[in-house]
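Below is one structure, written out as C-alpha cells; the observations come after it.
Order of listing sets the numbers, starting from 1, for every ligand and every atom in it. Numbering starts at 1 and runs along the sequence shown.
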Amino acid sequence: MSNLEQTLSIVKPDAVERNLTEDIKKIFINNDLKIVNSKKIHISKEEAADFYKVHQAKPFYDELCTYLSSGPIFVMILEGEGAIALNRKLMGATNPKDAEPNTIRKLYGISIDKNSVHGSDSAENAKIEIDLFFKN
Ligand code: UDP
Ligand code: MG
C-alpha cells in the first residue's frame, strides 16, 4: 500500500542566513523526498503569529514569532512516501543537543530556538500549513 504524502518544510532564518538552504534541500532529495513547490519569503510578525498560533499559550511564543519574521525563510512542499514522518526524522529533535547524528538539527542547529528547520507534525497540520503558504 502506498502512503504518498505532502508536508511543509521551512528553512528558518538562522539557516538561510548561513547559506544552508541548498545543503538542506540535498538531504531531502537524497532521502526520496521531492520538492514540488518552494519559495524564499520574508514574513511579518503577524504572519508568523498566525503560523505558530498552536503555540500561543507557550512562554516562548512571542520570541518565536519575532524570530521567524526576523529574516528570509525558504518554504517548501515536500512529497513522498510517509513524507510527514520522514521529514521529522531527517530534521531530528527540537533541541539540536538531543538530535540524532546526521539529522539536520544536529548538523546545523544552533540552539532550541535557532534550530534551522520547521516540519509539519501531522497530516492535519501539513494541510493547514501548505495552504497557508501556497494557496493562491
Ligand atoms: N521552541 C523554543 N523553545 C522551546 C521549545 C520550542 O524556542 O522551549 C521553538 C523551536 O524553534 C521549535 C518551535 O518553537 O522549533 C516549535 O516548537 P515545537 O515543540 O513544535 O517543536 P518542533 O515541532 O519544531 O520540533
Ligand atoms: Mg512543531
Inset, instruction - State, without any angle test, whether Glu100 and Thr103 hold a side-chain donor-acceptor pair at a distance under 3.5 Å. - result: no

Could you pull out all donor-acceptor pairs under 3.5 Å where a side-chain atom in residues 67-80 meets a protein atom, sequence neighbours excluded?
residue: Tyr67; atom: OH; partner: Asp14; partner atom: N; Å: 2.8
residue: Tyr67; atom: OH; partner: Asp14; partner atom: OD1; Å: 2.4
residue: Ser69; atom: OG; partner: Cys65; partner atom: O; Å: 2.8
residue: Ser69; atom: OG; partner: Thr66; partner atom: O; Å: 3.1
residue: Ser70; atom: OG; partner: Tyr67; partner atom: O; Å: 2.6
residue: Glu79; atom: OE1; partner: Gln6; partner atom: NE2; Å: 2.7

Legend entry - Connected hydrophobic set around Leu4, excluding itself, where side chains approach under 4.5 Å: none

Inset, instruction - Kindly assign one of parallel, tilted or perpendicular to the pair Phe60 and His55, based on the angle between their ring planes and the thresholds 30° and 60°. - result: tilted

Inset, instruction - Using a strict cut-off of under 4.0 Å between a residue heavy atom and any atom of ligand 1, list the qualifying protein residues by chain and number. - result: Lys12, His55, Phe60, Leu64, Arg88, Thr94, Arg105, Ile112, Asp113, Asn115

Inset, instruction - Please confirm whether the backbone N or O of Ala15 pairs with a side-chain atom of Ser116, one donor and one acceptor, at under 3.5 Å? - result: no

Side-chain donor/acceptor pairs under 3.5 Å, residues 82-96, sequence neighbours excluded:
residue: Arg88; atom: NH1; partner: Gly119; partner atom: O; Å: 2.9
residue: Asn95; atom: OD1; partner: Lys97; partner atom: N; Å: 3.1

